[in-house]
Amino acid sequence: MTEEVPMVAAALAGVPAGVQSLGPWTGRRQLFVRFAGEAETATMYVATALVRELERQLSRSTFHSIVIGGRDPLGNVPFLLAALRAAKPRIPVMLDTDGQRPEVLGQLLPFLAMTQVTVEFASTEASLDHALETIGIAAKAGCAHALALCAREDTPDSMMLRLIEEARGVSAATQVVIHPFLTGDANPVLDRRWATLLEQAMAMHADVRLSLRLPPPTGLR
């Protein structure tokens with residue numbers, strides 16, 4: 001490190017190595033900077049400690065990218081800016097967000113190679129509008145951007161199709177990945193519904209794919 005790092009801190013669930021479970025980079029080996037959720041054990045990291053941990057792990061192993069995720073990563077922008085400015089990572093950095101803080105995304109975009117908005121379909125119409133706004137901000141900045149749709153059993157196809165159409169309207173370069181749920185307990189299967197949904201989605205937007213979510217412990221987010 002050649003510059004002084006501001007003394008800012010954040011609660012992290014850790015900096016584990018793992019495999020991305022969602023979105024267009026599913027299956028990539030990444031180094032996860034995971035902000036702690038309410039039910040997770042948290043460790044307070046100052047930015048200098050995160051920089052040291054990133055440097056330590058990157059010197060010992062090979063990763064496709066660094067992913068910033070977990071609970072509300074954009075609620076910690078000063079911490080992230082301090083760490084990324086000091087670390088200057090030589091591999092791509094990806095943000096995995098629910099898209100609920102579009103107003104602060106711009107500060108982080110100079111450091112990002114990919115902005116992924118993950119929609120869990122557990123919130124309101126307003127939250128979907130924020131997710132689309134986040135995609136638009138990333139697109140205008142020239143940052144690659146993706147929409148990962150994590151369908152629930154009660155998620156209607158019409159809602160997913162409308163969101164894909166609106167994302168296409170915001171940016172034709174949006175990479176859309178639909179992660180279906182599996183039916184059945186003992187021998188889960190993928191219902192033919194998803195092939196039909198993919199056909200309908202691709203009639204609206206060419207860059208749509210269907211992908212199973214990698215479960216833990218292999219898949220991380």
* Asked: With a 4.5 Å heavy-atom cut-off, do Arg28 and Phe63 have their side chains touching?
  -> no
When rounded to the nearest 0.5 Å, the distance separating CG of Leu74 from CG of Asp98 is 8.0 Å
Looking at Val15, is its backbone amide N or carbonyl O close enough to the side chain of Gln57 to form a donor-acceptor pair, meaning the two atoms are under 3.5 Å apart? yes
Side-chain donor or acceptor of His179 paired with backbone N/O of Val177 under 3.5 Å:
no
Those residues at least two apart in sequence (or on a different chain) that pass side chain to side chain contact (heavy atoms under 4.5 Å, CB included) with Asp191 are Arg193, Trp194
Rounded to the nearest 0.5 Å, the CZ atom of Arg168 sits from the CD1 atom of Ile135 at a distance of 13.0 Å
**Study point:** Test salt bridge (Lys or Arg N to Asp or Glu O under 4.0 Å) applied to Glu55 and Arg52, step by step
**Key:** CA-CA 5 Å; Glu55 291 175 341; Arg52 287 195 297 269; over 6 Å; no
Side chain proximity check, Phe111 to Leu80, heavy atoms < 4.5 angstrom
no
State whether Glu40 and Arg34 are salt-bridged, where the test is any N-O pair (Lys NZ or Arg NE/NH1/NH2 against Asp/Glu carboxylate O) under 4.0 Å.
yes
| query | Any side-chain heavy atom of Leu12 within less than 4.5 Å of one from Thr43? | reply | no
Taken to the nearest 0.5 Å, the spacing of Met160 CE from Ile178 CD1 works out to 6.5 Å
Acceptor/donor pairs from residues 212-221 side chains to any protein atom, 3.5 angstrom cut, sequence neighbours excluded:
{"from": "Arg221", "atom 1": "NE", "to": "Asp96", "atom 2": "OD2", "distance (Å)": "3.0"}
{"from": "Arg221", "atom 1": "NH1", "to": "Glu120", "atom 2": "OE2", "distance (Å)": "2.5"}

Applying a strict under-4.5 Å side-chain criterion to I, L, V, M, F, W and Y, I'd like to know whether Phe79 and Val67 cluster together.
no
- Is there a side-chain contact between Val33 and Leu54 (heavy atoms, below 4.5 Å)? yes
Hey, quick one: are Phe32 and Val19 part of the same hydrophobic cluster, counting side-chain heavy atoms closer than 4.5 Å, chains of contacts allowed? no
dist His145:NE2 -> Ser171:OG (nearest 0.5 Å) comes out at 2.5 Å
Residue set satisfying side chain to side chain contact (heavy atoms under 4.5 Å, CB included) with Ser158, at least two apart, ordered chain then number -> Pro156
Between the CG atom in Leu149 and the CE atom in Met159, the distance rounded to the nearest 0.5 Å is 11.0 Å
Residues passing the ring pair (Phe, Tyr, Trp, His ring centres under 6.0 Å) test with Phe121, sequence neighbours excluded, are none
Please say yes or no: joined through hydrophobic side-chain contacts below 4.5 Å, possibly via intermediate residues, are Leu109 and Ile66 part of one cluster?
yes
Shortest non-hydrogen pair, Ala10 vs Asn76, comes out as CB-OD1, 3.6 Å
Item to check | Arg56/Glu53 ion pair, N-O < 4.0 Å | outcome: yes
When you compare the side chain of Leu163 with that of Leu132, does any pair of heavy atoms fall below 4.5 Å? yes
### Query
Okay, side chain of Gln100, backbone of Ser127: is any donor-acceptor separation there less than 3.5 Å?
yes
Taken in chain and number order and not counting sequence neighbours, the residues that satisfy side chain to side chain contact (heavy atoms under 4.5 Å, CB included) with Pro73 are Phe35, Ile68, Leu95
Which of Thr97, Leu105, Val104 passes side-chain contact (heavy atoms from CB on, under 4.5 Å) with Arg101? It is Val104
Taken to the nearest 0.5 Å, the spacing of Leu112 CG from Leu84 CG works out to 7.5 Å
Could you list the donor-acceptor pairs under 3.5 angstrom formed by side chains in residues 202-209, with sequence neighbours left out?
{"from": "His205", "atom 1": "NE2", "to": "Thr174", "atom 2": "O", "distance (Å)": "2.6"}
{"from": "Asp207", "atom 1": "OD1", "to": "Arg209", "atom 2": "NH2", "distance (Å)": "3.3"}
{"from": "Arg209", "atom 1": "NH2", "to": "Gln175", "atom 2": "OE1", "distance (Å)": "3.4"}

Are the side chains of Leu210 and Leu190 in touch, meaning some heavy atoms are under 4.5 Å apart?
-> yes
Item to check | 4.5 Å side-chain heavy-atom contact, Ser65 and Gln20 | outcome: no
